[in-house]
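These notes concern the structure reproduced below.
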Amino acid sequence: MVIVMQAKATPEDVERVISRLKEAGFGVHLSEGTERTIIGALGGDRQALARQALEALPGVERVVPVLHPYKLVSREFKPEPTVVKVGDVAIGGTEVVVIAGPCAVESEEQILATARAVKAAGARILRGGAFKPRSSPYSFQGLGEDGLRLLALARAETGLPIVTEVLDVRTLETVAAQADMIQIGARNMQNFELLREVGMLKLPVLLKRGLSATIEEWLLAAEYIMREGNSQIVLCERGIRSFDTATRNTLDLAAVPLLHQLSHLPVIVDPSHATGKWHLVAPMSLAAVAAGADGLIIEVHPDPATALSDGPQSLTPERFAELMVRLRPVAQAVERTLATPSKP
Ligand code: PEP
Ligand code: MN
């Protein structure tokens, strides 16, 4: 349950509620908003502490039961939206943040050329896989640590913060040492050990939706991270498995406004993995921003035909720049902003 304190509640009022909750065995999670304090109570003995008894305490405005199995990530728990900071970039505020870059880091030349191009077009964060989760063990698996080094080089040159995927708890420390944001891929959404470990970090997390995950399973995955103390989580809709094979996955755009209703966490959309086809990336990006997405993550490659992974869904730098121009009026229509292209 969530205890909403009155705006005029004193620190003593808050303390009193917290000690009552603790006496009854509840775990307590405090959220101090600009207007009022909200206290989340997890577990505990509901018999020992009736809702009415809590509502009678000084400074308490109301007690709201949280009916979902996820608690900390729910809107009931925190009514105001969470803003996630990646370097100096804020996701979940008024700006629609575009993350762009290749599926995988392939070479110094490739990542630097892509980083420069996407930055010039208005991307705010650089993506690039160093450790790649490939369906086939015979496919390119990524450059590993070398890839991380090249990403850091691209950041040093462009100033763009970097997001990159971690596949395993064993490489988490190595990835976390370089990344500004840690990506948990679709295939790892329910790797609970990994979720717990990233929950203990101070770094923001990009949590992709599992291949066939329900919204509830996805939010529970986010709950694993938040329970360890890390609330800097961005949810990423990247399409789900459906009966149809015409596109790589099926983009569930309704998830965007639905998640905004259920959770305070920012939501971004990955139209590249959601469709698997570069020519569907622009229309789905426009639709995602119209639906209220807090950002996009788009695959861009200097020469998609020779890409070592996901070439068919990658935009050329020119197509990416065109898309950024088309996104701006859509962002404005939903009262959001989009970074302007930087002058070379
Ligand atoms: C990726 O972003 O490169 C990726 C592998 O995505 P997903 O986990 O969504 O398949
Ligand atoms: Mn990819």
Side-chain angles (χ1 to χ4, degrees), residues 80-102 114-127 158-161 163 181 206 209 234-239 247-261 263-302 304 312-344:
E80 67 277 8
T82 287
V83 175
V84 173
K85 289 292 291 285
V86 183
D88 60 356
V89 180
I91 308 180
T94 50
E95 182 184 346
V96 174
V97 172
V98 178
I99 304 172
T114 315
R116 286 182 200 123
V118 299
K119 182 184 177 171
R124 300 276 274 141
I125 300 174
L126 177 66
R127 65 149 286 148
T158 59
L160 293 177
V163 58
M181 182 182 220
L206 182 63
R209 183 178 188 173
V234 174
L235 301 167
C236 177
E237 162 61 35
R238 44 78 73 207
T247 51
R248 184 175 179 182
N249 290 291
T250 296
L251 178 59
D252 178 11
L253 261 194
V256 175
L258 181 61
L259 285 166
H260 278 148
Q261 187 194 355
S263 174
H264 52 83
L265 296 174
V267 186
I268 72 165
V269 169
D270 175 346
S272 309
H273 293 90
T275 63
K277 297 184 189 316
W278 71 265
H279 60 96
L280 298 179
V281 169
M284 290 305 97
S285 298
L286 296 164
V289 172
D294 297 296
L296 296 166
I297 179 164
I298 299 174
E299 287 187 341
V300 178
H301 194 285
Q313 69 195 33
S314 298
L315 296 185
T316 59
E318 296 72 31
R319 288 194 172 115
F320 176 70
E322 274 165 37
L323 168 59
M324 290 296 281
V325 172
R326 293 176 65 203
L327 279 172
R328 204 152 290 115
V330 179
Q332 276 162 7
V334 291
E335 281 145 24
R336 307 290 289 261
T337 59
L338 196 78
T340 43
S342 56
K343 308 260 177 315

Closest contact, heavy atoms only, Gly295 versus Val96:
CA-CG1, 3.9 Å
Could you pull out all residues at least two apart from Arg238 that satisfy side-chain hydrogen bond (donor to acceptor under 3.5 Å, both in side chains)?
none
Out of curiosity, Leu296 CG to Ile268 CD1, how far, rounded to the nearest 0.5 Å?
7.5 Å
How many angstroms lie between atom CD1 of Ile99 and atom CG of Asp270, to the nearest 0.5 angstrom?
9.5 Å
Does anything in residues 323-336 pair up under salt bridge (Lys or Arg N to Asp or Glu O under 4.0 Å), and if so which pairs, sequence neighbours excluded?
Asp294-Arg336
One pair to check against side chain to side chain contact (heavy atoms under 4.5 Å, CB included): Val86 and Val163. What are the steps and the verdict?
CA-CA 9 Å; Val86 183; Val163 58; over 6 Å; no
Please list all pairs passing the salt bridge (Lys or Arg N to Asp or Glu O under 4.0 Å) test where one or both residues lie in residues 273-282, with sequence neighbours left out.
none
How long is the gap from CD1 on Ile297 to CD on Glu237, to the nearest 0.5 Å?
13.0 Å
Side chain to side chain contact (heavy atoms under 4.5 Å, CB included) evaluation trace for Asp252 with Arg209
CA-CA 10 Å; Asp252 178 11; Arg209 183 178 188 173; 2.8 Å; yes
How would you list, by chain and number, every residue that makes a side-chain contact (heavy atoms from CB on, under 4.5 Å) with Ala121, sequence neighbours excluded?
Phe320, Ala321, Met324
Audit row: Val234, Met181, side chain to side chain contact (heavy atoms under 4.5 Å, CB included) steps and yes/no:
CA-CA 10 Å; Val234 174; Met181 182 182 220; 3.6 Å; yes
Minimal non-hydrogen separation, Pro266 against Val84, with atom names:
CG-CG2, 3.8 Å
The criterion is side-chain contact (heavy atoms from CB on, under 4.5 Å); which residues satisfy it with Leu253, sequence neighbours excluded?
Leu251, Val256, Val269, Ala287, Ala288
Minimum heavy-atom distance between Leu160 and Ala115, given as atom pair plus value:
CD1-O, 3.9 Å
Which pairs pass salt bridge (Lys or Arg N to Asp or Glu O under 4.0 Å) with one or both residues in residues 80-98, sequence neighbours excluded?
Glu95-Arg124
So, using side-chain contact (heavy atoms from CB on, under 4.5 Å) as the criterion, who are the partners of Pro304 when residues are at least two apart?
His301, Ser314, Thr316
For Thr247, side-chain hydrogen bond (donor to acceptor under 3.5 Å, both in side chains) partners two or more places apart
none
When you compare the side chain of Pro161 with that of Leu126, does any pair of heavy atoms fall below 4.5 Å?
no
Inter-residue atom distance Ser285.OG - Leu323.CG, 0.5 Å rounding
4.5 Å
So, for Val118 and Ala100, which heavy atoms are closest and what is the spacing to 0.1 Å?
CG1-CB, 3.7 Å
Looking only at heavy atoms, what is the nearest atom pair of Ala90 and Val83, with distance?
CB-CG1, 3.7 Å
Could you measure the distance from the CD1 atom of Ile91 to the CD1 atom of Ile125? Nearest 0.5 Å is fine.
4.0 Å
Could you tell me which residues satisfy side-chain contact (heavy atoms from CB on, under 4.5 Å) with Ala117, sequence neighbours excluded, listed by chain and number?
Pro317
Just jot down the side-chain hydrogen bond (donor to acceptor under 3.5 Å, both in side chains) partners of Gln313, sequence neighbours excluded, or say none.
Arg248, His273, Glu299, Asp310
Sorted by chain and number, sequence neighbours left out, side-chain hydrogen bond (donor to acceptor under 3.5 Å, both in side chains) with Thr158 holds for none
